[in-house]
Amino acid sequence: MSMFRAIVAAVAMLAAVPLIASASGDPAIDTIGSPVSPEELAKFFVIMPDGEGLPPGSGTAAAGLPLYAEKCAMCHGENLEGLEGTGAPPLAGGRGTLATNKPFKSVESYWPYASTLYDYIWRAMPFHEPGSLTPDEVYSITAYILSFGKIIDEGTVLDAKSLSEVKMPNVDGFYVDNGPDRLIYRAQGGATSK
Amino acid sequence: MPDDPTKVMGRALLEDGGYGTRSQFETAVKARADNPNDMTSWSYTPLADMKGNLTPSGLHYERHHGGIPAIDPAKHFLYVHGMVDQAKKFSVADILRLPSITRRYFIECSGNTYEEWAKPKGKNVQFTHGLLSTSEWTGVPFATFARHVGLQDDASWVLGEGADAAVMTRSIPLDKMLTDGLIAYGQNGEMIRPEQGYPLRLVVPGYEGNMMIKWLRRLQVSDRPFMTREETGRYTGLMPNGRARQFYYSMDAKSVITFPSGEMLLPKPGHYEIRGIAWSGRGRVQAVDISMDGGKNWIPARIDDTPEAMSSVRFSCPWFWDGKPAILQSRCIEDSGYVQPTRTELIRLRGDHFFYHYNAIQSWAVAADGSVSNVHV
């Protein structure tokens with residue numbers, strides 16, 4: 001091929017590209033996948049520590065007590081202790097044990113954010129009927145669990161605002177560390193972890 | 001069974017239905033954990049029976065938090081939204097049309113071997129280390145989806161969400177997602193099994209298994225982590241001072257001898273081929289050492305296949321057993337230079353209550369009668 005014809009061919013190819021390509025320059029980008037509207041995405045949720053994602057509604061521990069008794073106690077126990085044989089973890093207790101040789105982790109003693117409790121109950125509980133609770137029911141049951149653990153007052157009305165203001169006892173109990181352990185690079189018998 | 005298979009016709013083509021079955025003499029299966037509730041439980045891969053580096057899909061360990069969902073791929077979508085220019089949903093058919101890659105990665109539950117912190121608990125290698133499996137995963141890199149939706153400037157985290165009864169959620173750093181995050185649909189050459197996430201699974205190579213969201217239906221991009229239950233109340237490591245390390249994602253270098261291992265019996269002194277598996281979630285397995293005397297002396301093992309990043313290798317080492325008690329150990333050396341720690345060292349590093357990410361050297365004691373058991377040295 002002469003230089004001239006090669007250039008003509010190259011230009012022709014370049015010119016042909018826009019015919020099949022999209023504005024983004026990649027034909028696949030606009031033809032694969034469909035745009036979704038906020039309305040379609042409204043069926044999903046995830047709740048952030050600052051309260052983003054919390055639905056409208058409210059609840060109290062008083063309203064939560066009968067709901068908990070009816071929907072949760074069969075597995076998590078009347079005293080939130082977690083009943084053996086169900087696999088359900090305890091939801092209260094263990095404050096002050098994390099630095100001992102018998103650490104007891106529960107929502108009360110270990111979980112850093114109340115938002116996580118709301119999110120998880122709404123998402124996955126009751127275990128055998130996931131996704132069956134209304135936002136008000138979740139606010140009420142959350143209030144009951146938090147007041148049982150003396151994290152909020154019995155009378156607190158939980159809603160999007162007050163829930164995001166709840167300070168969990170162990171909120172400062174975590175730090176980001178993906179390892180590897182720095183100590184491993186110090187001699188055996190040297191410093192131990194704290 | 002015919003006495004002589006050369007004297008009778010064999011089984012006809014496709015008589016077994018066209019999918020194929022293993023020999024009737026092969027019986028290894030997954031074993032369930034001793035948990036009260038099979039809907040949120042796990043099963044272990046029979047590691048001692050593995051014949052190569054890849055785990056047969058049907059023997060891949062399982063961990064579910066709400067049972068195995070039944071999902072019709074024709075009705076399943078992956079939504080990608082949040083801090084993006086254009087939120088989109090992708091059908092499974094859409095995803096199958098995108099350019100794909102295929103990689104071998106291990107997946108290990110960060111709870112693998114957790115019972116060994118306190119005492120030698122697992123009777124055999126299936127129960128000590130069986131929350132580990134390796135597959136060839138095929139799928140579309142997250143980066144491809146990122147181009148389709150357009151990431152906004154402050155985007156730094158991605159929530160993965162599953163379509164199971166637990167609606168499993170984890171936050172994954174965007175960096176990781178753009179480095180090698182994979183939206184997988186293929187496992188060992190076929191569509192992913194239901195237990196493993198059919199039709200879509202998020203694969204974040206080398207990270208703890210819990211992050212590899214099965215039945216993936218949604219990726220939400222954000223500028224901060226979501227602090228889901230699994231990354232706060234669970235899957236965090238408690239240190240002796242009562243504070244916990246969070247976002248400890250990587251599965252550190254680890255290895256285990258699968259032959260001889262717990263509950264086996266060596267019939268008599270003589271030549272044996274020690275075999276095992278080594279893996280590392282931060283890089284490649286560089287070398288594996290073997291000790292026959294409980295860690296006093298070490299010799300290099302042979303690596304039986306080609307080490308790949310965030311994958312496993314098989315190793316082996318010839319051994320003449322003189323009939324005297326012996327303690328067999330293996331230690332994995334990663335290409336970074338990191339060496340798999342002893343249990344004493346790991347406890348020095350993390351205390352007794354870290355629970356997850358136990359990667360200490362495993363010891364198998366061979367008694368004079370040839371019986372093999374799990375011990376701590």
Side-chain angles (χ1 to χ4, degrees), chain A residues 24 26 28-29 32-38 40-41 44 46-50 53 84-89 97-101 103 105-107 110-113 115-117 119-120 123-124 127-128 130-131 170 172-181 183-184 188-194, chain B residues 35-37 39-41 65-66 79-81 86-91 94-95 97-99 145 147-149 159 161 165-167 169 218 220 222 224 226-229 232-233 236 238-250 252 282 338-339 341 344-345 348-353 357:
Chain A
S24 59
D26 182 338
I29 293 222
I32 298 184
S34 4
V36 279
S37 63
E40 187 170 356
L41 291 167
F44 301 120
V46 61
I47 293 155
M48 309 281 264
D50 61 9
E84 249 191 271
T86 65
T97 65
L98 297 179
T100 70
N101 203 29
K105 294 188 202 165
S106 74
V107 170
Y110 194 62
W111 286 30
Y113 306 108
S115 59
T116 310
L117 184 60
D119 179 289
Y120 185 71
R123 171 178 302 283
F127 189 72
H128 58 303
N170 196 38
D172 297 323
F174 295 83
Y175 58 103
V176 173
D177 186 349
N178 183 28
D181 302 70
L183 266 176
I184 207 167
Q188 280 269 8
T192 48
S193 59
K194 291 218 190 66
Chain B
N35 280 329
N37 185 339
M39 290 296 165
T40 172
S41 189
H65 290 263
Y79 289 81
V80 187
H81 67 111
Q86 174 63 66
K88 281 190 172 183
K89 67 175 175 185
F90 300 85
S91 67
D94 283 336
I95 295 171
R97 283 172 60 202
L98 290 167
F145 292 92
R147 284 207 307 146
H148 276 253
V149 296
L159 180 84
E161 183 181 87
V167 206
T169 44
R218 184 161 85 91
Q220 181 177 341
S222 169
R224 55 207 196 281
F226 295 82
M227 300 297 181
T228 72
R229 177 227 188 194
T232 56
T236 44
L238 189 59
M239 296 291 280
N241 66 0
R243 299 188 73 220
R245 286 159 77 170
Q246 195 183 19
F247 306 148
Y248 198 109
Y249 299 135
S250 297
D252 291 314
R282 294 186 196 270
Y338 173 98
V339 181
T344 311
E345 174 77 340
R348 179 176 80 93
L349 301 173
R350 305 206 191 135
D352 296 309
H353 304 291
H357 290 268

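Note that the structure is a prediction, hence the values are computed from the model and not measured. Naming: A, B, ... by sequence-line order, numbering from 1 per chain.
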K.L.:
Is it the backbone or the side chain of B/N35 that comes under 4.5 Å from a heavy atom of chain A, or both, or neither?
P.N.:
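B/N35 has no heavy atom closer than 4.5 Å to chain A.
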K.L.:
If I measure from the heavy atoms of chain A, does B/S41 come under 4.5 Å with its side chain, its backbone, both, or neither?
P.N.:
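No part of it gets close to chain A.
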K.L.:
Checking heavy atoms, do the side chain of B/Y79, its backbone, both or neither come under 4.5 Å from chain A?
P.N.:
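For B/Y79, the contact with chain A is made by the side chain alone.
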K.L.:
Between B/H65 and chain A, which part of the residue has a heavy atom less than 4.5 Å away: side chain, backbone, both or neither?
P.N.:
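Backbone only.
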K.L.:
For the pair B/E161 and A/V46, evaluate side-chain contact (heavy atoms from CB on, under 4.5 Å) and give the outcome as yes or no after the intermediate values.
P.N.:
CA-CA 10 Å; B/E161 183 181 87; A/V46 61; 5.5 Å; no
K.L.:
Of the backbone (N, CA, C, O) and the side chain (C-beta and beyond), which part of B/R224 lies under 4.5 Å from a heavy atom of chain A, both, or neither?
P.N.:
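Both parts, backbone and side chain.
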K.L.:
Picking from B/T169, B/T228, B/V80, which has the most non-hydrogen pairs under 4.5 angstrom with chain A?
P.N.:
B/T169
K.L.:
What part of B/R218 lies closer than 4.5 angstrom to a heavy atom of chain A: side chain, backbone, both or neither?
P.N.:
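Contact with chain A is through the side chain of B/R218 alone.
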K.L.:
Could you tell me whether A/D119 and B/R229 make a salt bridge, using a distance below 4.0 angstrom between a side-chain N and a carboxylate O?
P.N.:
no
K.L.:
Give the member of A/N170, A/T116, A/T97 that has the highest number of heavy-atom pairs under 4.5 Å with chain B.
P.N.:
A/T116
K.L.:
Measure distances from B/V339 to the heavy atoms of chain A and classify the residue's part below 4.5 Å as side chain, backbone, both or neither.
P.N.:
backbone
K.L.:
Evaluate A/T100 against B/H353 for side-chain contact (heavy atoms from CB on, under 4.5 Å), listing each step before the verdict.
P.N.:
CA-CA 10 Å; A/T100 70; B/H353 304 291; over 6 Å; no
K.L.:
Decide side-chain contact (heavy atoms from CB on, under 4.5 Å) for A/E40 and B/K89; before the verdict, give the C-alpha distance in whole Å, the side-chain angles of both, and the deciding distance to 0.1 Å.
P.N.:
CA-CA 10 Å; A/E40 187 170 356; B/K89 67 175 175 185; 2.7 Å; yes
K.L.:
Can a side-chain donor-acceptor contact be found between B/T236 and A/Y110 if the only test is distance below 3.5 angstrom?
P.N.:
yes
K.L.:
Output all residues satisfying side chain to side chain donor-acceptor pair (under 3.5 Å) with B/R97, sequence neighbours left out; order by chain, then residue number.
P.N.:
none
K.L.:
Which residues pass the ring pair (Phe, Tyr, Trp, His ring centres under 6.0 Å) test with B/Y338, not counting sequence neighbours?
P.N.:
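If we apply the ring pair (Phe, Tyr, Trp, His ring centres under 6.0 Å) test to B/Y338, skipping adjacent residues, there are no hits.
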K.L.:
So for A/N101, is it side chain, backbone, both, or neither that comes closer than 4.5 Å to the heavy atoms of chain B?
P.N.:
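Both backbone and side chain.
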K.L.:
Less than 4.5 Å to any heavy atom of chain B: does that hold for the side chain of A/L117, its backbone, both, or neither?
P.N.:
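For A/L117, neither part sits under 4.5 Å from chain B.
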K.L.:
Are A/D172 and B/R243 close enough for a salt bridge, meaning some N to O gap below 4.0 Å?
P.N.:
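Salt bridge between A/D172 and B/R243, a charged N being under 4.0 Å from a carboxylate O: no.
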K.L.:
Quick one: do B/N37 and A/T86 satisfy side-chain contact (heavy atoms from CB on, under 4.5 Å)? Show the steps, please.
P.N.:
CA-CA 6 Å; B/N37 185 339; A/T86 65; 5.9 Å; no
K.L.:
At a 4.5 Å cut-off on heavy atoms, which part of A/S34 comes close to chain B: side chain, backbone, both, or neither?
P.N.:
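Answer is both: backbone and side chain atoms of A/S34 are under 4.5 Å from chain B.
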K.L.:
Quick check on A/S106 against chain B: is it the side chain, the backbone, both or neither that has a heavy atom closer than 4.5 Å?
P.N.:
neither
K.L.:
Going from NZ on A/K105 to CG on B/L238, what distance comes out if it is rounded to the nearest 0.5 angstrom?
P.N.:
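Rounded to the nearest 0.5 Å, the NZ-CG separation comes out at 5.5 Å.
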K.L.:
Mind ranking A/G87, A/G85, A/P130, A/G179 by heavy-atom pairs under 4.5 Å with chain B and telling me who comes out on top?
P.N.:
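Of A/G87, A/G85, A/P130, A/G179, A/G179 has the most heavy-atom pairs under 4.5 Å with chain B.
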